[in-house]
Amino acid sequence: MQIIANPGIKKTMKIAPDKSFKIAIASGKGGTGKTLVATNLFYVLKKNIDNVALVDCDAEAPNVMGFYNNYKFNSDYDITLKAPVIMKEKCNFCGKCKEYCSFNAIFLIHETIQVVYDLCHGCGACFFACKYGAIKEKHLKLGKVSHYSNGKESSIIESRLKIGVLSSVPVIKASINESDKNQICILDSPPGTSCPFIQTIEKADYVVLVAEPTPFGLSDLKQSVETLKTMNKKYGVIINREGIGNFDIYDYLKFENINILMQIPFSKKIASCYSKGDILVDFMPELQNDFLSMFNTIIN
Amino acid sequence: MEIAVISGKGGTGKSCISAAFATLSEKIVLADCDVDAANLHIMFNPEKEEEQIYIAGQEAIVDYSLCDNCKKCIDYCRFDAISYLNDKIVISPVLCEGCELCMRVCPTRAIDMKQNDKSRMHSGKFRNGIMVYGRLAPGEENSGKLVNMVREKAKLLSKSHNLKTIIIDGPPGIGCPVISTITGVDKVVIVTEPSISGINDLKRTIELTLKFNPKIYVIINKSNLNNDISNHIEAYCKDIKVEVIEKLPFCSSIVEAMTNCKSIMEWEPKSKIANKINMAFKKITNN
């Protein structure tokens, strides 16, 4: 397929037209500019491609919609977990469900049996274990996936964890699955390198790591790179707030032979623009070409 | 007394503020509970006196000499972690949650569990007390349990060394490691910044924190980046009766200090911002 971008940029995408190509925007450290990059990349791409989706996978702190309040709400649905309900009249307190539960979510002393729902992963092992038909399952609400659009095909899919729920993984998974019909998907990833991050990256064809050139930023970048290596993912780095901190990150990237996709300078103008929920490329149109050429590097 | 410093949104300045709190005059125990992006040990370079292995769950592995491809495991797995690829059963270590159900349903006993044992917890002296920090190995899970382990260790050390205050640097978000960080602590300091994202995340963080009944204090960091939103946050907090104890202006010396592995209290102890952080900490500890 061809994308006709701004004058002077015309590239052929080397990706299968029937498959969704997913780019995750991630970082180990929080607040390095993931959402800034994701919202702007989406903005630039949707001017050039019809079928692009932005998926807010940071279910614990979903912020993408703060930048796109002109998008209209379409639909949403609840994400649930199938958790056990023990019917005491059928239970003979044999303890087999407790034995089968790997998450210590079933509590049993004498003839008192209880499910600790916060610990339940909904794996169904207890249901399988019970030989007396004493376990039925109910749906526990974990969060929501919502769809927004601006009338055209471009859409935003948001995952949102219910407050007080421990794991965002099922909500994130569902939101990414929803985006499969879009040709290009941008996944705004949660921070860190544990389960929520892994679930987002697992589905990505390419990972953009956003890092800041400070000692903390570098330490977290290293941790992310190590994780991506174990997962055999393709990745590159955006240096955000270029100009603060020191130059150690450049030595590291050179040593590891990691591609610098783009650099965004440190400026109060950018910070203030972001704080208001504005799209940066509207105020700094020169960045538009940087985003497009980064995209071309990624897909080729 | 345990004081946890958290923020829904990442990068608001949690760690820099925790570091500042940790280097005021009194000696303390510092617990870095941001276990998948632990950073304070870079600034404080603590002695590595003790190292403990943390078992971060387990994952299923297939013994192909026993597997007869009946695919029963695929039917039972609720995490879509098992697939049939190139004529064999493949279990994704990333998607596997370690529930053991596949192992239990396998008629040929071809599945076994392997423990994830690469994560570590370290503790040792640093220049203003004792530090405990967890490091989750890349891609490993159950960060909430590692947070609990770090907090338990910090409590033990605070007793044995007679250090009254434990400062906990928490992770971002509102999920399992955050819940583990604030469960049962005495005081929670929420660091926010004046942006649309900052205020949205602050609201969700406060709603979560209220479920645990600690005393809550809000610090608006980089407050002058957007004075309107900063005022809006203050008004919101006043409305729901949560105290905003300090507004800290954006200050490049905080980054300079970090780049030199110093907290702002060590780097520019006489600065206006250092003074404000000092006052904030006094308010937190005194009521």
Side-chain angles (χ1 to χ4, degrees), chain A residues 27-33 35 58-63 66-67 82 100-103 121-125 128-129 161 163-168 173 190-199 202 212 214-216 219-220 223-224 226-227 229-231 244-246 268 271-272 274-277, chain B residues 7-12 14-15 34-39 42-43 58 76 78-80 92 94-95 97-101 104-105 136 138-144 171-179 193-198 200-201 204 207-208 211 222 225-226 229 250 252 255 258-259 261:
Chain A
S27 75
K29 186 176 176 326
T32 58
T35 304
D58 192 358
E60 294 179 41
N63 284 320
F67 296 83
K82 270 163 108 181
Y100 271 46
C101 178
S102 295
F103 308 105
H121 285 220
C123 69
F128 174 78
L161 185 71
I163 291 169
V165 171
L166 288 161
S167 171
S168 54
K173 257 185 173 171
T193 52
S194 61
C195 338
F197 165 80
I198 300 282
Q199 289 299 330
E202 163 73 6
E212 53 179 45
T214 60
F216 287 3
S219 158
D220 294 339
Q223 178 103 341
S224 310
E226 289 312 310
T227 308
K229 278 184 187 168
T230 64
M231 296 173 76
I244 63 164
N246 59 25
K268 273 204 173 173
S272 133
Y274 182 86
S275 77
K276 285 181 273 188
Chain B
S7 74
K9 186 177 175 328
T12 57
K14 263 186 318 298
S15 297
D34 189 1
V35 292
D36 46 327
N39 280 327
I42 301 168
M43 188 182 276
Q58 53 182 3
Y76 275 88
R78 291 192 180 176
F79 306 108
D80 305 320
S92 156
V94 169
L95 297 174
E97 301 212 3
C99 73
E100 301 184 0
L101 186 55
R104 295 183 190 277
V105 300
L136 201 67
E140 291 199 348
E141 33 191 275
N142 283 323
S143 46
I174 57 161
C176 97
V178 180
I179 291 173
E193 62 174 38
S195 67
I196 300 278
S197 307
N200 285 339
D201 295 341
R204 284 165 69 76
E207 196 179 328
L208 176 77
K211 291 178 191 275
K222 310 172 202 172
L225 280 184
N226 190 322
I229 298 181
F250 174 80
S252 57
V255 184
M258 185 231 282
T259 309
C261 293

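Every chain is numbered from 1 and lettered A, B, ... according to where its sequence line falls, protein lines coming before strand lines.
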Shortest non-hydrogen contact from A:Glu202 to B:Ser92?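 Minimum heavy-atom separation between A:Glu202 and B:Ser92: OE2-OG, 4.3 Å.
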For the student: nearest non-hydrogen atoms of B:Gly8 and A:Ala61, plus distance: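 Closest heavy-atom pair between B:Gly8 and A:Ala61: O-CB, 4.2 Å.
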Chain B: which of [options] shares the most heavy-atom pairs with it under 4.5 Å?
{"options": "A:Ser167, A:Gly124, A:Gly28, A:Ala59", "value": "A:Gly124"}
{"options": "A:Glu212, A:Lys82, A:His121", "value": "A:His121"}
{"options": "A:Gly66, A:Ala271, A:Gly122, A:Pro191", "value": "A:Gly122"}
{"options": "A:Gly33, A:Gly31, A:Ser272, A:Ala125", "value": "A:Gly31"}

Identify which part of [X] has an atom lying under 4.5 Å from any heavy atom of chain A, answering side chain, backbone, both or neither.
{"X": "B:Leu225", "answer": "both"}
{"X": "B:Val94", "answer": "both"}
{"X": "B:Pro172", "answer": "both"}
{"X": "B:Leu136", "answer": "both"}

Part of [X] within contact of chain B (heavy atom distance under 4.5 Å):
{"X": "A:Lys229", "value": "neither"}
{"X": "A:Phe103", "value": "side chain"}
{"X": "A:Phe197", "value": "neither"}
{"X": "A:Gln223", "value": "both"}
{"X": "A:Ala129", "value": "neither"}

So how far is it from B:Asp80 CG to B:Leu95 CG, rounded to the nearest 0.5 Å?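 Here the interatomic distance stands at 7.5 Å.
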Beyond-backbone contact of [X] with [Y], side-chain heavy atoms, under 4.5 angstrom:
{"X": "A:Pro62", "Y": "B:Arg204", "answer": "yes"}
{"X": "A:Pro215", "Y": "A:Asn246", "answer": "yes"}
{"X": "A:Met231", "Y": "A:Ile198", "answer": "yes"}
{"X": "A:Asp58", "Y": "A:Asn63", "answer": "no"}

Between chain A and each of [options], count heavy-atom pairs under 4.5 Å; write down the option with the most.
{"options": "B:Val35, B:Asn200, B:Ile42", "value": "B:Ile42"}
{"options": "B:Cys261, B:Ser143, B:Cys176", "value": "B:Cys176"}
{"options": "B:Lys9, B:Lys14, B:Arg78, B:Gln58", "value": "B:Arg78"}

Could B:Arg104 and A:Tyr100 be counted as a cation-pi pair, given that NZ or CZ must be under 6.0 Å from the ring centre and within 45° of the axis?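 Yes, B:Arg104 lies over the aromatic ring of A:Tyr100.
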Can B:Asp34 and B:Asn39 be counted as having a side-chain donor-acceptor contact under 3.5 angstrom?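 Note: B:Asp34 and B:Asn39 side chains miss the donor-acceptor criterion.
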If only side-chain N and O atoms count, and only distance matters, is there a donor-acceptor pair under 3.5 Å linking B:Asp36 with A:Ser194?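 Short answer, yes.
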